[in-house]
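For clarity, every value in this text was computed on a predicted model and none was experimentally measured. In each ligand, atom 1 is the first atom listed, and ligand 1 is the first ligand listed.
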Amino acid sequence: MGEGIALSFAAAGLSVRLADQDRHILNNSLTRMGAHLKLLAEFGLLEDTPARVRSRIKTFLSSDPDRAVRGCTFIVECIPEILALKRELFSRLDDCDGGTILSSNTSSFTVSEISRGMRTPGRVVGTHFFMPAHIVPLVEVHRGKDTGNAVVETTRKLMLRIGKKPVLVGKEIPGFIVNRIQAAIAREANYLMEQGVVTPDDFDMAARSSYGFRLASLGPLAQADINGLDTVLRGNTHIYKSLCNATEPSPVIADKVKKGELGLKSGRGYYDYRGKSQEQITEEIERNLLKQLILFREREK
Ligand SMILES: NC(=O)c1ccc[n+]([C@@H]2O[C@H](COP(=O)([O-])OP(=O)(O)OC[C@H]3O[C@@H](n4cnc5c(N)ncnc54)[C@H](O)[C@@H]3O)[C@@H](O)[C@H]2O)c1
């Protein structure tokens, strides 16, 4: 995720420091960023040359955190989704320049959980980007109980400046808005497969060619208005009773993870990716998303 976020800031003309604990990961990220920049330029979505955008990103090893963050005005933490690791990192960041805003790209923890025990929790804020972060417009901005109003407002304005669509999350809640929706869809999808109702291919096709097809231009609440709320209510009343209400993830996904079938990165998940390179698959996906981004920006003008 970090590379896409770094790219979003650099493409908007800002200087970026990309820090990781592993030099090899930093080098691979730079290579992938080169490919992302090439595509952005091809689609006419860069206001600068790829070389100039790339030159604004400097890489740092996180073993020297002081050097990596000195003089930064805004930090986006993007390390694995393990609360203890995030807390440890934020306790180190607690000592950096008081004017620096510390944000987390956490996809499930609340800001209060992450900043607990810090001396300066008032400058911690959540910025939840979506993969691939250099393309998908939304950033959920969420706050903890101690986060300052000015920190939230500066963050929201910064997201607008880098071309994102910030949406403020009104209350602390795990998963915020979108990951709750995604979790609800995933729970039902796995349940339908468990019950033998649908295959992964058919589920994805059904989703993409129906509500997914409409979602990019019409949110689900606006769609409900078009359908007629009385009709929607009747449907909900009937269907809700039979929806999956499991409180633990389905064996369909748990068994795959146990077998090492982790998706694209391991060559197999719900689908089999062997035979095509990750780069080829990513490029194909990004080309489609970039076409959508152009339409989205036209509509949002
Ligand atoms: N993958 C997604 O689709 C996605 C989407 C939205 C949000 N997120 C969130 O973004 C964060 C990162 O997810 P990811 O999928 O990019 O994880 P990842 O494991 O791919 O990348 C994490 C990176 O952090 C580095 N790292 C670990 N500890 C570090 C430390 N102390 N200092 C510096 N670098 C360190 C690792 O070397 C690794 O390169 C998580 O909080 C995740 O929930 C991920």
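- The proximity of Glu88 to ligand 1, defined as any non-hydrogen pair under 4.0 Å, does not occur for either the backbone or the side chain.
- Only side-chain heavy atoms of Ser62 come within less than 4.0 Å of ligand 1; its backbone N, CA, C and O stay farther off.
- No side-chain donor from either of Tyr191 and Asn245 sits under 3.5 Å from a side-chain acceptor of the other.
- Ion pairing between Glu172 and Lys145 fails under the 4.0 Å rule for side-chain N and carboxylate O.
- Of the options Leu83, Asp20, Asn28, Asp22, the smallest heavy-atom separation from atom 37 (O) of ligand 1 is shown by Asp20.
- With 3.5 Å as the limit, one finds a donor-acceptor pair spanning the side chains of Glu77 and Ser104.
- Under the 3.5 Å distance criterion, with hydrogens and angles disregarded, a donor-acceptor pair is assigned to the side chains of Asp204 and Tyr271.
- For atom 20 (O) of ligand 1, no protein non-hydrogen atom is found at a distance below 4.0 Å.
- Using a 4.0 Å cut-off between heavy atoms, Phe129 contacts ligand 1 through its backbone alone, with no side-chain atom that close.
- For ligand 1, the polar-atom distance check finds no N/O of Glu77 at less than 3.5 Å from any of the ligand's N/O atoms.
- Protein heavy atoms come within 4.0 Å of atom 24 (O) of ligand 1.
- Remark: minimum distance from atom 16 (O) of ligand 1 to any protein heavy atom is reached at Met1 N, 2.9 Å.
- The hydrophobic cluster containing Val125 does not contain Leu83, counting ILVMFWY residues as joined when their side-chain heavy atoms lie under 4.5 angstrom apart, directly or transitively.
- Summarising the contacts of atom 29 (C) of ligand 1 with Val136, Thr127, Ile79, the nearest heavy atom is found in Ile79.
- Atom 10 (O) of ligand 1 has its nearest heavy-atom neighbour, among Val178, Ile5, Asn179, Asn105, in Asn105.
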